[in-house]
Every structure is written in C-alpha cells, then in structure tokens.
Amino acid sequence: MNIEEQIELLMQGTEYGDEDLKKAMTAELRERLIFAGKEGRPLRVYCGYDPTSTDLHLGHTISMRKLRQFQDLGHDVTFLIGSYTALVGDPSDKNKARPILTEEKVAENAETYTEQAFRVLDPVKTKIRYNGEWLSKLTLVDLIRLGQNFTVQQFLARDNFANRLEKGEPIYLHETFYALMQGYDAVAMQTDIQVGGTDQLFNIIVAGRKLQEALGQKPLVGIITGILPGTDGAQRMSKSTGNIVPINSGANDMFGKLMSVPDSAMGIYMRLVTRWGPQEIEKIEKDVDSGEFHPRDAKMKMAGEITSIFYSDDEAKAAQENFIRTFQQKEIPDEMPEFDLQPGQTIVGVILAAKLAGSKSKARALIDQKGVRLDGEVLERGDAVFPHPGVLQVGKRRFLRVK
RNA sequence: GGGCAGUUACCCAAGUGGCCAAAGGGGACUGACUGUAAAUCAGUUGUCAGAAGACUUCGGAGGUUCGAAUCCUUCACUGCCCA
C-alpha cells in the first residue's frame, strides 16, 4: 500500500467536525508516515480505555479497529488502560458526572476488557500499559504546572461543559483534571498518533498536543473516529439508551441486532466496524444505489462480516441461516431456551417463570395484544392452564421451548 | 456562610387540598404493513384481581386534615445570586 492509500484507509470514518482541522491532521499524518518510512521506525500509536464497564459493545470496538489498521501497517500499538483516569471518570461522553470506581474494580474490569478487545486487535503485536504507571507519580506541584497550560475558558468552551452550564447542571472541579491526565499520557508515552472518538476531541487535540509541545515533544496526530449510532440508527450506541450490539451475546444475537439497524446507518457501520477498505465500501454503496444490490442483502453481507470478526466464519454463516429461517421464512429458530412445564401452570405463569415478562400485568397485556403464540396459534386466555408442550413465542423474537 | 428556586413514574415535563395511578411528549413494548429496516396506523406502559375493585407510588422522615403529589416542620441533594 502506498502512502496515499494508507492515509485514505487510516482516515476512513474519521470525524473532526471541522474541515480545516481534518486537513491539518491529514497533512500531519502524511508527514509522520513519510518520516517513519525514512527513519525505519514504526509510529507509536495508542488509544486509552477506561475500564468502567466490562460488557463491550460494537461502539467500543471502533477505535480498536483503527488501532488494528495501524498494526497491520506495521506500527507500534499500545492499548492503554486508564487505571487512573477511570478513578476520575471522563466527563466527555456524559452530561452527568460519573461515579468513581474503586481500584480493585478497575483492575477486575481491565482483564475482561482486554480479552474482548483482542478479538479485534492482534494480541501478539499489542502492548498493554496502565496510566497509573506514570500518573501515580505526579506530585501536586506537577499537576499545578500542567494546569498552567490551560485556561478555564478553554474548558468551558467544550460542548459538554457548556451544555451543563447552560442547563444549570453540576460540573465538578475534578472533571477538569481528566483532560490534563489524558494529555499527560501522551507525553509519558512520547506518542506519535492518538486514536479516539469525537468525544475525545478536546482531550486529544487540545490537551495532548499542548502538553507535548509545552514539554518539548512533537505534538501528536489525532485520529478522531466517528461515533457509531446504535441499533436505532440515531443515537450514539450506549448501554443507557439500550441500543447496543453486545459483542459477547452470541453470533445469532449479533447478526439479528445488526439486521435491525436502519439502512441509513449502514454506511457508517461499514466504515467504522468492518475490515473493509474504502474501495470495497464504495462499491457496495454504488451497487445499492443503482438497484443492483438489494439493501437487505447488503445489510446481510455487512452483518455477516461483522459477526465473523467476533466469531468464527462458520458461526457467522450459521447465524445468517438462522436469521433467514426465523425471520424471512417465519420458521422457528433452531436454538431457543427450554422450559420445564410444571403441572397446572397457567400460561401467564409460564411467561412469568421464564422471565419473558416483568410482571403478571405485563404478561396479561401481551396476551391481550395477541402477542403470545403456542406452535403458531394465538393464545387468548392467560389464566388458562398451559395447553400442551410446544414452542411458545412472545412478541416477534422471543421463543421458548416448553416441555 | 447568607438569600432564592427546585427534587413527580424509564427520561423530559404538567399538576398547588378531593374529579390523581397522576396531563403531554420521548422512549420501550404489542399488533397491522414490511426487508425483524425506515416511515405510517392502532393499542399497551405502577402492582394484584376475570370485571367491579383493592393496594403501593410524586426526594427521605414526621405532622396538619375526614382526605395530601399539593399545606406545615425537618433532613438530604442540585442550581442560581451574594460573600
């Protein structure tokens, strides 16, 4: 791959919110790549992760995909665990202050986090470091010196702070430390390239670069990846909005969730999550536009590609077949949870016991709405004794084999 | 430290003594339509009861009243202004 092709790939799916900034970063990236080629030294690339949760979803993997692209091009990638920054809680992606985690919890989370991350990254080529390594050594004086590089106005200009200020919501002082700490990470690792989401724009472009410059280093190049919308296609994928595609919930589930993503979000999913490069993606989009490729089939291809990143190719293929059978041909899926019927148990009782509804009222409502079927027959009376063993379907996608 | 305002269901938000299980919106769920897409239409959304109805809920605790989300006291939390 020549330099321009590398740049095209590495800038795929980036989002700077400002053309000039993007141009500047592209130019600096080019400069670095040329430099690296001449010196014969790989670029030092990192992305930081706060192990605040352990259930990773597709949104978490975007920056990992980007790191992987650097890895595949032979660069030196560090997976930085924000053991110390997690203690503060990043204000960037929330409009509320985050609860502070304990050190034990952070260590515990880090383990499951990296294990999942290595489905995207190359484990052999990845360095893992913890930012507590250097942040724990900073003294109050050091912190004050770091703080001298920034003004309060710069912080207040950030979207999430400005919003909260306007809405009259609290902004805690310690939240402003976060950017300083992250900027110092870049200094401590003598970073060439830092990868992060648009929510990290300030932390990367302002804090990291400024501190490096102040401390006599060449300011890093920020690769700012776009935000992945959730399965609703609109809001950012996040656990609290409930629109996530978890990476650990099985191939069938992943495939199905990806198929439920609106068409409008396909482009960004392809750019941010798949292993495909710019040419492949453009071809798919062109064929869909011209009507040669049915959007549904394009989405299936995408869902298959993504599923096979996290599971084996065979599992991905099986998930696709299962999807076609269940939803396109309306047959029952080959795998579903099982339930042992107790004598005398009512229909509502079974739904409740199998946790297909949260309360009796909800279960009754589902039955009233004709949302409950047994072997394809709509069940009318919830209080009746469960008629006979069979496949119970609640809503469109929940199945239960009652024995 | 002082003054003022606020805290309502998953979220936003109306409600200022009975007609309040609590308007409206969002979200979620179900059905129709479909490509399990989007859009659209109809419905559901505290718990229990087959219906009538009963019970628990409006930041926490206590009180006034026949009756409180609404009034009083107190505590906690948040914001704004002043220092």
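In what follows, chains carry the letters A, B, and so on, assigned in the order in which the sequence lines appear, proteins first and then strands, with residues in each chain numbered from 1. If you're wondering where the values come from, they're calculated on a predicted model, not measured in any experiment.
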**Study point:** Rounded distance in Å between the P positions of B/C29 and B/A13
**Key:** 24 Å
Review point. Considering only the C1' atoms, how many Å lie between B/C20 and B/U16, rounded to the nearest integer?
Key: 13 Å
Check your understanding: Hey, does A/Gly233 reach any base, or is it just sugar-phosphate, or nothing, if we go heavy atoms under 4.0 Å?
Key -> nothing
Check your understanding: Using a distance-only test with no angle check, is there a side-chain donor-acceptor pair under 3.5 angstrom linking A/Gln69 and A/Lys66?
Key -> yes
Exercise for review: Answer with base, sugar-phosphate or nothing: what part of the nucleic acid does A/Val372 contact at a heavy-atom distance below 4.0 Å?
Suggested key: nothing
Practice item. Using the C1' atom on both, measure B/A76 against B/A28 and round to a whole Å. Key: 32 Å
Revision key, fill the gap. By the Watson-Crick or G-U definition, both distances under 3.5 Å, B/A28 is matched with B/U44
Check your understanding: Does the side chain of A/Arg158 pick up a donor-acceptor pair with the side chain of A/Thr176 at under 3.5 Å?
Key -> no
Review point. With both distances kept under 3.5 Å, what pairs with B/A37, Watson-Crick or G-U wobble?
Key: none
Exercise for review: Using distance alone, with no hydrogens and no angle criterion, decide if A/Asp287 and A/Ser290 have a side-chain donor and acceptor under 3.5 Å apart.
Suggested key: no
Point to revise | Distance in angstrom units between A/Ile171 CD1 and B/U78 C1', rounded | key: 13 Å
Point to revise | Modelled atom types, side-chain donor and acceptor of A/Tyr49 and A/Ser63, under 3.5 Å | key: yes
Point to revise | Any-strand Watson-Crick or G-U partner of B/C20, both distances under 3.5 Å | key: none
**Study point:** B/C4 to B/C75 separation - P atoms, rounded to the nearest Å
**Key:** 15 Å
Practice item. If B/A76 has a Watson-Crick or G-U wobble mate with both distances under 3.5 Å, name it; if not, just say none. Key: B/U7
Check your understanding: Please give, in whole Å, the distance from B/C29 P to A/Lys355 NZ?
Key -> 20 Å
Practice item. Sugar-phosphate means primed atoms, P, OP1 and OP2; the rest is base. With that split, encode nucleotides 41-50 of chain B 5' to 3' as B, S or - using protein heavy atoms under 4.0 Å. Key: --BS--SSSS
Check your understanding: Rounding to the closest angstrom, what is the interatomic distance between B/A68 and B/U73 at atom C1'?
Key -> 15 Å
Check your understanding: Starting at CG of A/Asp263 and ending at C1' of B/U34, how long is that distance when rounded to a whole Å?
Key -> 12 Å
Check your understanding: Expressed in angstrom and rounded to an integer, what is the separation of A/Leu366 atom CG from B/U30 atom P?
Key -> 7 Å
Exercise for review: Let me know the distance between CZ of A/Phe255 and C1' of B/G35, rounded to the nearest Å.
Suggested key: 13 Å
Point to revise | Sole candidate of A/Asp192, A/Val195, A/Asp76 that passes side chain to side chain contact (heavy atoms under 4.5 Å, CB included) when paired with A/Val45 | key: A/Val195
Check your understanding: So, is A/Tyr172 near the phosphate of B/U78, with a side-chain N or O under 4.0 Å from OP1 or OP2?
Key -> yes
Practice item. On RNA chain B, check which nucleotide each of A/Met259 and A/Lys370 is closest to and give me the residue with the more 5' one. Key: A/Lys370
Review point. In whole Å, what separates the P atom of B/A21 from that of B/A69?
Key: 9 Å
Check your understanding: Between A/Phe155 and A/Phe150, how do the two ring planes meet: parallel, tilted or perpendicular, split at 30° and 60°?
Key -> perpendicular
Check your understanding: What is the base-pairing partner of B/A69, counting Watson-Crick and G-U wobble geometry with both distances under 3.5 Å?
Key -> none
Check your understanding: Expressed as a whole number of Å, how far does the C1' atom of B/A54 sit from that of B/U64?
Key -> 27 Å
Exercise for review: Could you check how far CG of A/Leu165 sits from C1' of B/C80, rounded to whole Å?
Suggested key: 11 Å
Review point. Should B/U57 form a Watson-Crick or G-U wobble pair with both distances under 3.5 Å, which nucleotide is its partner?
Key: none
Exercise for review: For B/U57 and B/G25, measure between their P atoms and round to the nearest Å.
Suggested key: 28 Å
Practice item. Return the orientation label for the A/Phe70 and A/His75 ring planes: parallel under 30°, perpendicular over 60°, tilted otherwise. Key: perpendicular
**Study point:** Residues A/Thr346, A/Phe386; criterion side-chain contact (heavy atoms from CB on, under 4.5 Å); working and verdict
**Key:** CA-CA 5 Å; A/Thr346 60; A/Phe386 203 87; over 6 Å; no
Practice item. Starting from the 5' end of RNA chain B, give me the residue, A/Gly371 or A/Thr231, whose nearest nucleotide shows up first. Key: A/Gly371
Check your understanding: Rounded to the nearest Å, what distance is computed from the CD1 atom of residue A/Ile244 to the P atom of nucleotide B/A28?
Key -> 14 Å
Practice item. Kindly determine whether A/Lys23 and A/Thr26 satisfy side-chain contact (heavy atoms from CB on, under 4.5 Å), including the steps that lead there. Key: CA-CA 5 Å; A/Lys23 272 187 205 150; A/Thr26 309; 5.6 Å; no
Check your understanding: Atom OH of A/Tyr269 and atom P of B/A37: how far apart are they, to the nearest Å?
Key -> 15 Å
